[in-house]
Amino acid sequence: MNEIAIIGAGPAGIEAAYVLAQRGYKVTLFEKAADTLTNIRDKAYLFPDFSSAADLADQLNRKLQHENITLKTNADIVSVKGESGAWKLVDSQVNAYTASAVLMATGYTVFDAKRKEELGYGIYQGVITSLEMEKMIREGHIVNTMGEQPGKIVFLQCVGSRDEKSGNHYCSKVCCVTAVKQAIEVKKHLPDTEVYLFYMDLRMWGEHFEEMYRESQEKYGVKYIRGRISEAASTFDGKVQIKAEDTLVGLPLKMSTDLLVLMVGMEPSAGTRKLATDHAMANRYGFATSQSPLLDDNLTAEAGFFVAGTCKRPLSIIDTLNDARAAAQRIDEYMNTLR
Amino acid sequence: MGDFFNPFVIPFCLGTALLFIICIWKYVSWIRQFDRLQRTIVRKNIFTWKFLGAIWEMLTECLFHFRITRKNKLLGYMHRSIAFGWFLLIVVGAVESRLALGGGKPFWVSIFFRFFEHNPHTFGAATFFTNLMDLLLLYVLSGVLLAYSKRIYSRMFGMKSPTKHVIFDKFALSALWCIFPLRLLSESATAALYHNGGFMTQAIGNLFSQPVAAALELPLWTLYSIALGSFFVAMPFSRYMHIFTEVFLIYFRKLGVKEHEQPTGYTKFELSACSRCGICIDACPLNNYLDIKNIQPVYFLRDLRYNRLQPEVVNNCLMCGRCEADCPVNIEQSAVRKQMRNKKEIDTHDNYNYVERVKPFSAIGRVAYFGGCMSHLTPGITEAMCAIFEAAGQKYWYMDQDKTVCCGKPLAQQGFYNQATELRRENTRLIVQSGAQLLVTSCPICYQEFKKEYRLPIKVMHHTEYINMLIASGRLQVQQSALKVVYHDPCELGRGCGIYDEPRSVLKAVATPVKARYEKEKSICCGYNLGNTVLESDQQGEIRDASMRSLLCNNPDVIATACPMCKKAFMHAKDFPVKDIAEIVKDNLIS
């Protein structure tokens, strides 16, 4: 038995599967949805080079053509049990599978913005999430609630991240640069629309991020305001009125906008939550904990059970792909010990 | 008098004298510390029928302990047998002594009657009285025996966390525990010598041999007298001060005296009326779910009484009122705690220029709607209320739609009375100027403030009351859905204002209610009550989760609440849908 089971056909699962397949292992990839890469398909363009998300998805899917890879969609793995070298996986239709090693790549889901009721998501039509904004960008059709060209768009950072009240103390890492990217895309599309971005800190950590941020101001005129939005309300003409404090000036402000875009953070997906809990490695937020973040970031306390990607913590796609390759390497090493 | 004196009575007499001197001195000085309003209330009501109500409550609470019995029957029996039994022992003993010896005898004679009167047949019913006294002693002893076992196994009495007592209380407790067994032994010793005992004392006395009884009689009576004397001396300084103080407290309360913004002599009565029974400890969510065991009313009131109050004890309280619902003495602990939070002296350098910018509005013929700050953070509630006003065809003035003046309660709860008064004044001005006839609010925090602290000339309703009225009068047409809802009683609306039925009756009209494990006055705070400024958010979360466990025990589809703060709390818990009653009504309007 030389089989490796990978749970989750996102970028981490596919990349790890491909690396392992190339090394001659038989890999079975389980995906609970009907299709692969759902979290990439809802993006339009990717930072930092504005390359097409659809192209990346196609390239990744092409890797699945490898003869050693078997993809099972609509296969929701509900339990993984066993020990070193002999794992048993069961899906929701009670089909059982065996594997020598298991890679958990169950990923993230976005924060449910309805939980921040004060921001009015699900109550006021003009309040949307960054995913819905991404969809508008993808379709090239950015409109306000009346179907007209918006005069003003406001982005709000850290919705469900770095937020004690929603219980998520961590930073979701990718929202800052995503908002900058979306702001630039809006401006490219609609140069006359005013774009404001409310932030706590802007964390421009990656290559070219800081340059994008600078460009957004100098070339595109995106306006940045440091402060969180405390509440939103509707106006009689279908706009959204926001109350916030500009903490650099130290004054409260009110503004009405056509669209309020909530940059929703990352939370563990339902699958991540369940597997991490079942294997007693869930952290306080429900993400899976690796054995050591420095040297053994793909290992868990159970030999033969590996983790990769955003099931551990928020990561960018770049970091996720690297992490998947690293996980494949560790799995290869482990499989050699079984011989 | 010579016949009726023996040196062993001296400890008892000294103790009694000290007890009465100290008590009278304390009570007089406390009454002198009443503020002007409290004095006026006492003066105006002192000769009214309220006196009768006070007598009745003194009987039911000081002697029969009804409220404790409701908590736990065995605990009630224990308190009743000691309090009522001892009371009867004193009264019946006095009657017996008077019938046997006539009047004019020293006061200790009725206490040590068997020692001074050896003839068991001095009057017709003497034998009956002897046996009756034995029966009463047995009654008290059964309570004392239960008190011993409560120390060992308090759960039998429905108490999980018994009070930790200070050394003075332990001393008084030990003295109290000795009194009745010693009385039994001394009376038995005398009965052995003179055959003047009842069914119990004589039976025990018969076990004594004559020389032993003769040798033990005086030492036993002396110990009994010392036990009584020690207890009496310890009483005014220990928790047993509650025995007399509760009588006064009940009386003043029935006359209409209440706690005010500042501590007064009445507060002193409340502090000493706390018997430190510890029932509040088991009620407190901080004890039950966070294992915080030093801030409950029993310790707060004790520390305040002995002048050793720490700020953490004052501030670490949700002010949810759960303890007050269980307190057998009905002490206003939240009011006293608020007094201790008084920050009147602190100048916060606030200016209130912004409140003057709120524009007045002529709202004659309209209902004034005050959403409240918290409802602005849960716009689902205010949107639903607006839809309900529209559906009922009610013209309304949404007074805090744009610019808001806070109701003042969050400030007042933290002791910023001056600042709260400024805000109240401005809101009152706006409401009175508008000419509106009814004020509806969506937030129970504001509701309690408008209802109790403002003196508005118009009626104030919480939206659950208002919607209930609309449905009952047929102005609002709703349909019943199959949605299974459980109702969470918000502290401020339920225990704070006694609104339990209206929300339930509204829910009955629009959904299918299921029960929670703890309901109405026993409901668990959502953990986010503004009263607490100490708890960390994960601690608030622990209490919230406990509250949710109680709510979800009958598998509802949704939690319904009537407070924006509770709604926020439950929404932060992630996994379960939460709605305000107004939102559920809005979803089921027949348009």
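Keep in mind it's a predicted model, so treat the numbers as computed, not measured. Side-chain atoms are counted along with the backbone in the values below, which use heavy atoms only and exclude waters and symmetry mates. Letters go in sequence order (proteins before strands), and every chain restarts at 1.
- The two residues A:E117 and B:I381 have their closest heavy-atom pair at OE2-N, 4.0 Å.
- Here the shortest heavy-atom pairing between A:S230 and B:L377 reads O-CD2, 3.5 Å.
- Heavy atoms of A:N168 lying under 4.5 Å from chain B belong exclusively to its side chain.
- Rounding to the nearest 0.5 Å gives a distance of 5.0 Å between NE2 of A:H169 and OG of B:S537.
- The CD atom of A:E118 sits 13.0 Å away from the NE2 atom of B:H376 when rounded to the nearest 0.5 Å.
- B:D538 does not touch chain A: none of its heavy atoms, backbone or side chain, sits under 4.5 Å away.
- Summarising the geometry of B:D402 relative to A:K254, their closest heavy-atom pair is OD1-NZ, 2.7 Å, with the distance given to 0.1 Å.
- Atom CD of A:E164 sits about 7.0 Å away from atom CD of B:E536, to the nearest 0.5 Å.
- Applying the 6.0 Å contact sphere to CD of A:E231 captures more than 12 heavy atoms from other residues, nucleotides or ligands.
- In this structure, A:K223 places its NZ atom where more than 12 heavy-atom neighbours from other residues, nucleotides or ligands lie under 6.0 Å away.
- In the displayed structure, A:K152 atom NZ is contacted under 6.0 Å by more than 12 heavy atoms of other residues, nucleotides or ligands.
- In this structure, the portion of A:K243 lying under 4.5 Å from any heavy atom of chain B is its side chain and not its backbone.
- Across all their heavy atoms, B:P379 and A:G120 have their closest contact at CG-CA, 4.3 Å.
- For the pair B:Y528 and A:K165, the tightest heavy-atom approach, listed with the atom from each and the gap, is OH-O, 4.5 Å.
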